[in-house]
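Below: one structure, written as structure tokens.
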Amino acid sequence: MSWFKTCNITLMNVGLFIPCYVDQFYPSAAIASLELLEKFGVDVTYPMDQTCCGQPMANSGYEQYGKDAGELFMKNFGDFEYIVAPSGSCTLHVKEHLLSHDGTGPKIYELCEFLTDVLKVEELHVSFPHRVGFHSSCHGLRGLHLAKPSEIVGVDFNKPVSLLEKVSGLELVTLDRKDECCGFGGTFAVFEEGISVQMGKDRLADHLSKGVEVITAADMSCLMHMEGLLKREKSPVKIMHIAEILNGNSIHS
Amino acid sequence: MAVYKTHAAAADEFLKDEERTHWHDDTLWHVRTKRDTAAQKLPEWEVLRENASQIKEYVLSHLDELLVQFEKNATANGIEVLWAKNAQEHNEHVYRIFQENKVKNLVKSKSILTEECGLNHFLEEKGYDVVDTDLGERIIQFNDQVPSHIVMPAIHLKKKEIGDIFHKHLGTDAGADDPQYLTEAARIHLREKFIQANAAITGVNFGIAETGGFVVCTNEGNADMGTHLADVHIACMGIEKLIPRAADLGVYLRLLARSATGQSITNYTSHFHRPSAGKKMYLILVDNGRTEQLGREDFRNSLKCIRCGACMNTCPIYRRSSGFSYGSTVPGPIGSILSPGIDLKKHSTLPFASTLCGSCSDVCPVKINIHEQLYKWRQVITKEGDAQPAKKWSMKLAGKVLGSPAWYNFMGKSARTALKITPASLIYTKLNAWGKKRDLPEVPKESFKEWYKKNRK
């Protein structure tokens, strides 16, 4: 895979954080994340004792029940220089609630921003000849600033989309509402089930009306919610984590 | 103990009519896009927001001095300034002024503060006919409702429904819903009320400490019509509505209308300094829980709010559940961080009526960190007695499992196995809220951790 190395330096000391539900239900997104980092010469370690960052409990109002998971996270990742995770939402939680804010200790990056900002990836050498809808997950968008939110006045940028644009054959559709929430929201999806489902259906309608074959995002949680709705409707549209597309995977059968 | 409807239950009621839900969502999204267009035209938008936020920061940390300065200057101008600790005191001030001035007929322009204080109900019990003169407010008054939105109080009603209400109350033609025709009917009706009024009640958008004057913004000119014709003007103002200097006003006026409706400025921006000769002007400064909110470090900057309603228009939950689902005077995201401070039990589900998407914070013209405060209220609410024990125990259990690698690995595998071997009819039960309209993810043959052990270790 050395022909894939666009940078000559080998980054040491990168810990791969795979969020709990990705580990359990979407291993292919995790494998793609690992392979992608390896292709760029990153020396990745996956600490075997990792579980979760504690976000589900904290966002539900129970920070105290997320404490053990948070402490375990720091035990697993505290000594790394970089932590990389294929999830904007978990990355944001770790950044805001677990890591120090004084510049010491590890720095956490969501996978796409690690590729654009640290590895400064210029070429991907993969193709994905399909019509794709990109879902802008909120925590990555507004919390990590992976793109300029539509509410903010300023220069437009979008880190995940800039990577998708490097995939040959990929046809990105333009949505009517480019960064509206899908309605997942962690336990919101269960405790506000009605609104959550309505938001998901509306988001999907935007994508489907553009004739997408695949919906992708930098957060598997939003995709899991939308996939649940698609499958119930027996829709042929597939969901894929952005890492899978950037890694050159083909559409899941 | 009173039982309050949860936001989710109220939202489910609204969602039953999917067509109306889409209509409501589209209507408010349209307002949001008008706001975007207006904001994009000002390259200095983000600087304005920052300035507005910092000026209010100053106001909140010098509120004691500024209020005294404001009272002194307003009094010197000839305005009678009154203080109200709570809603009751506010309403009694209004009633006393009415009695002293022998007020029989009154008109009122839009004031969310008077909604908060329940003034209409209070005055009606005293035998007054309260006439709201803002068109939207008059419509919902006819319909025996409260505002569902702070800027567009009747936004939940369709044109045809308004035609029916006007037919019933103003005698317009049955089935007529031409906006021009209906507005004309409202105008004739309201002008009669304006002419008869002895007193006009208005809200206050901005009080200026330096001058003792205040500013009222409307689109219909109804505040002006009322105050110019009546002999008594009562302005009701929350104590957080202060700004230090007249020079600061421009920052807020540029932000307010653009954020609210996408207009560059409200049609009427009226500056009041003193009563006209022979007339009286009163200003009631209302606390009603504001100093308590000021004392809550995590939530104090919610008092920066200038009531533009942009957070409602952008909120994907508000748009799909309508203002009534919140059960509070101020609905939507800002209401969900203000209301728990007023009655924590009653409003305990509001901070959870959000995905924490953060659009409210990014759209807010005074940069209130609304979604972060929603997160913080959640922590407060679960500590002070959560009404949902199922959630508490599931979270406690999840915390235990996710806090231990052994439990996590064991439970993960067990759950995946269970999902694989259990018949769908047992998985998709009434108890499974996720599965009502969504499938669960397909169970993979192994977890990533299991794959990693085989392939990389």
Side-chain angles (χ1 to χ4, degrees), chain A residues 18 20 22-28 30-31 34 46 48-52 54 56-57 59-63 65-69 71-72 138-139 142-143 149-154 177 180-181 183-185 187-195 197-200 202 224-225 227-229 231-232, chain B residues 7-8 11-12 15 21 25 29 36 39-40 42-43 45-46 314 316-317 320-321 352-359 361-363 375 378-379 381-382 386 388 391-392 395-396 398-400 402-405 408 412 415-416 433-434 436-441 443-444 446-449 451-452 456:
Chain A
I18 299 300
C20 46
V22 177
D23 172 42
Q24 294 294 328
F25 290 108
Y26 295 100
S28 58
I31 295 168
L34 174 70
Y46 173 78
M48 291 302 283
D49 278 349
Q50 63 179 289
T51 60
C52 164
M57 287 72 81
N59 278 6
S60 304
Y62 295 99
E63 267 177 352
Y65 299 150
K67 244 184 97 204
D68 289 353
E71 278 166 14
L72 179 65
C138 302
H139 290 175
R142 299 194 184 84
S150 55
E151 300 87 4
I152 299 291
V153 175
R177 300 186 190 179
E180 172 128 317
C181 178
F184 171 68
T187 50
F188 176 89
V190 173
F191 291 99
E192 288 258 7
E193 186 265 346
I195 292 269
V197 164
Q198 190 61 52
M199 285 166 69
D202 293 351
M224 174 170 74
H225 166 63
E227 182 188 42
L229 290 162
K231 280 191 172 167
R232 183 61 59 93
Chain B
H7 177 270
D12 283 346
L15 286 164
T21 304
D25 170 54
W29 180 257
D36 290 352
Q40 298 292 344
L42 298 187
W45 184 257
E46 299 304 331
T314 203
I317 286 109
R320 291 173 182 83
S321 62
F352 295 92
S354 163
T355 57
L356 305 181
C357 80
S359 182
S361 304
D362 278 353
V363 88
Y375 175 89
R378 293 179 182 189
Q379 311 306 325
I381 287 161
T382 54
D386 190 6
Q388 292 175 292
K391 190 194 248 177
K392 181 175 176 171
M395 284 301 124
K396 194 168 183 174
K400 281 265 171 278
L402 295 169
S404 142
Y408 168 81
R416 277 181 285 122
W434 175 275
K436 261 168 85 180
K437 290 180 178 153
R438 284 166 293 210
D439 278 7
L440 284 159
V443 180
E446 57 193 356
S447 71
F448 174 70
K449 200 176 273 187
W451 176 92
Y452 190 83
R456 287 294 187 277

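In what follows, chains are A, B, ... by sequence order, proteins preceding strands, each numbered from 1.
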Side chain from CB out, backbone as N, CA, C, O: work out which of these in A:Y65 comes under 4.5 Å of a heavy atom of chain B, or both, or neither. both
Report which part of A:I18 has an atom under 4.5 Å of a heavy atom belonging to chain B: side chain, backbone, both, or neither. side chain
Can you tell me if A:K231 uses its side chain to pair, donor with acceptor, with the backbone of B:L440 under 3.5 Å? no
Please identify each residue that fulfils side chain to side chain donor-acceptor pair (under 3.5 Å) with B:D362, with sequence neighbours left out. none
In Å and rounded to the nearest 0.5 Å, what is the CD to CD distance from A:E193 to A:Q198? 10.5 Å
Enter the distance from A:N59:CG to B:F352:CZ here, rounded to the nearest 0.5 Å. 10.0 Å
Chain B shares the most heavy-atom pairs under 4.5 Å, among A:Q50, A:R142, A:M48, with A:R142
Hey, which of B:D439, B:L15, B:V443, B:T314 has the most heavy atom pairs under 4.5 Å with chain A? B:D439
If you count heavy-atom pairs under 4.5 Å with chain A, which of B:S404, B:S359, B:A8 comes out on top? B:S359
Would B:Q40 and B:D36 count as having a side-chain donor-acceptor pair, cut-off 3.5 Å? no
Region of B:I317 that comes under 4.5 Å of a non-hydrogen atom in chain A: both
Most heavy-atom pairs under 4.5 Å with chain B, out of A:K67, A:E71, A:M224, belong to A:M224
B:K400, B:E446, B:R456: which one forms the most heavy-atom pairs within less than 4.5 Å of chain A? B:R456
Contact winner vs chain A - B:R378, B:M395, B:H7, heavy-atom pairs under 4.5 Å: B:M395
Looking at B:Q379, is its backbone amide N or carbonyl O close enough to the side chain of A:E63 to form a donor-acceptor pair, meaning the two atoms are under 3.5 Å apart? no
Contact origin within A:E180 toward chain B - heavy atom pairs under 4.5 Å: side chain
With only heavy atoms counted, which part of A:S28 is less than 4.5 Å from chain B, the side chain, the backbone, both or neither? neither
Quick one: CG on B:D25 to CE on A:M199, what's the gap to the nearest 0.5 Å? 9.5 Å
Mind ranking B:K436, B:R438, B:R416, B:R320 by heavy-atom pairs under 4.5 Å with chain A and telling me who comes out on top? B:R438
Nearest 0.5 Å, what's the SG-OH distance between A:C52 and B:Y408? 8.0 Å
Aromatic ring pairing A:H225/B:W434, orientation class (parallel under 30°, perpendicular over 60°, tilted between): perpendicular
For chain A, which of B:V363, B:D12, B:T21 has the most heavy-atom pairs under 4.5 Å? B:V363
Side chain from CB out, backbone as N, CA, C, O: work out which of these in A:I31 comes under 4.5 Å of a heavy atom of chain B, or both, or neither. both
